[in-house]
Amino acid sequence: MPTLLSNEQSDYWSQVAQSFVWRKKWEKLQTGDFHKANVEWFVGGELNITENCLDRHLEDRRQKKALIFEPNNPNELASFLTYGELHISVCCFANLLLNRGIKKGDVVCFYMGMTPELMIGILACARIGAIFSVVFGGFSPLSLRGRLEDSNAKMIITHDGGFRGDKIVPLKQMVDEAIVDLESIKTVLVVKRTLQEISMKQGRDYYYDALIKDAELYCPAVTMKSEDPLFILYTSGSTGKPKGLLHTTAGYMVHVGKSFKDVFQYKENDIFWCTADIGWITGHSYMTFGPLLNGATTVMFEGIPTYPTPARFWEVVEKHQVTHLYTAPTAIRSLEKFGHEIPEKFKMKSLKVLGSVGEPINDEAWLWYHKYVGKERCPLVDTWWQTETGGILISALAGITELKPGYASLPLEGIEPALMNEQGVEIKDLVASGNLCLKTPWPSLARTIYGDHERFIQTYFTTYPGYYFTGDGARREANGFYRITGRVDDVINVSGHRLGTAEVEEAINEHVDIVESAVVGLPHPVKGQGIYAFVVPTNNVVDSEKLEKEIRDLVVKIIGPIARPDLIQVVDGLPKTRSGKIMRRILRKIVENEIENIGDTSTLLNPEIVEIIIKTKKSLS
Ligand code: WT7
């Protein structure tokens, strides 16, 4: 049955939406359902999200800091932009885009380091109705090219190079590689950052510096319909090809703005620091739009947690008097390694609220974060959501909901989760474990996979007809608290980054001497999950060390450094069913050291291989 909104839900969402600025009020609150995967919100409404993020604050907050920028190198001066200045910067950038022929509905890709121009740039797109697509700088040129082709982007905006710890990422050079013979890209815009030498192609490549000088200081915000596209963001799924999730304007704005305020209990003059990269949904929703919609001050950090020392996060908290720190379990674990003596040296008196996102947070990391960073006086909210959900759906409200390590806790108001059993039926018992679904629509749900609505339906709405399926497993306790147990599909979560095992396998299989491969998640003390690859070579291979190195290099080349396998085991064969299907489940058990739970292997095509694989299994040193 299509599940429709209850009266309470309808009242709630209309009330929330009224706190935003509309050019024309919506006619219908919500249409469509999960059967048809045609959900729409605030239908008939008109607005511009940047008017809500910027213009409406100008009267009261013109001089207030909107953005604080902390550079990679602590010796470089930090800078800030007030709401007044951010408004002008966005207008200028928007005019620059218009001057380069970008129109409403065109796709503009960003492949940049974390500097203010990235945030200004995506807001500039939203100002004129161009669809932005941010690709994380850790993806390879080949991955970037795939995303540019898929989205048919007209323009790409990059840096000459990006600072990342003690490394420099040659972003412009990577763009050059990515767009060889790519006709759709008409303009490459280069923001200077590292001042390294780069090549510029006449008539295609332009410096931002040079063009911004001619841009007018005011740009009217274009009128957008509620359901006009706002951005595309690529994420991995269980097949090889990344999916471009499309988010639209009004629904995204309403839920992201409201959830920011509620979950973090944001108060005027708080300083909010989300450490994610804008290349991920967290950076879109809770570094950019959530804070700006609320007139907050948001901190953007260009660098990494361990540069120049593992005290950097705590130094930045004190330097900018951060009140809210929102980061990922993997970052916490990577700092935990250096000992609690480091955060203990910092009082971090400004801190009020801590947040966690991206993967289940283990008790040890939760307690460490709560004790040594939050000094046991800051509520720690574990926020569960996805690229697809646009904003947080299950989380404690800081200081209001009781805290329990390992629990994302309760759904936000208006959100209705459900757990499904193996027969595909919703479990009505309160205490239960099952696959996590959402029963009713919420405003910031992605509307489609760009260019492939069929895949959108297949991926999210067919497993449990009438429900949105998240791909996660969860447990619900007697107090209604949810504990997210992790992915139940072929997706792994490496340092909070989502990767499809099929994507990594496809990359490995490109090697001439590989017959086939199977990739599974490996429990990893810092990354949460690492990548364990089983590879079957041809007879030509004599030097397996050399092969392993080549495979690692190949995966980095095809996908990017985030997908580099941690362990590679060369095997003669993979366990298969009689119909030839690779039994990844068995490999997963072996890697998770659950050998006694492998189950019956006698029906396999090649049962003997399991023993051999176990004997030659590798471990993290
Ligand atoms: C997947 C979504 C949410 C923005 C960053 C990641 C996992 C996310 C939690 C959490 C347990 C979590 C899920 C989800 N996940 N937050 N608090 N507890 N798991 O977005 O790349 O779209 O990944 O991350 O498995 O499905 P994403």
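Ligands are counted one by one from 1 in listed order, and the atoms in each one are counted from 1 as well. For the single chain, residues carry numbers from 1 onward in sequence order. Predicted model only: the values in this text are computed from it and were never measured. For the numbers below, each heavy atom of this structure counts, side chains included, while hydrogens, waters and symmetry mates do not.
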query = Can Tyr286 and Thr298 be said to form a side chain to side chain donor-acceptor pair (under 3.5 Å), step by step?
reply = CA-CA 9 Å; Tyr286 298 107; Thr298 185; over 6 Å; no
inquiry  = Tell me if the CD atom of Glu477 is crowded by more than 12 foreign heavy atoms within 6.0 Å.
reply    = yes
ask   = How far apart are the C-alpha atoms of Arg333 and Asn362, what are their side-chain angles, what is the distance that settles it, and do they pass the side chain to side chain donor-acceptor pair (under 3.5 Å) test?
value = CA-CA 9 Å; Arg333 289 190 299 261; Asn362 50 306; 3.0 Å; yes
ask   = Knowing that exactly one of Phe289, Phe231, Tyr450 qualifies, which makes a ring-ring contact (aromatic ring centres under 6.0 Å, His included) with His247?
value = Phe231
remark   = Within the 4.0 Å heavy-atom cut-off around ligand 1, the contacting residues, ordered by chain and number, are Ile281, Thr282, Val357, Gly358, Glu359, Pro360, Asp382, Thr383, Trp384, Trp385, Gln386, Thr387, Asp472, Ile484, Arg487, Asn493, Arg498
task = Specify the closest pair of heavy atoms between His255 and Ile392, including all atoms of both residues, with the distance to one decimal.
result = NE2-O, 2.8 Å
query = Is it true that the side chains of Gln386 and Thr470 contain a donor and an acceptor less than 3.5 Å apart?
reply = no
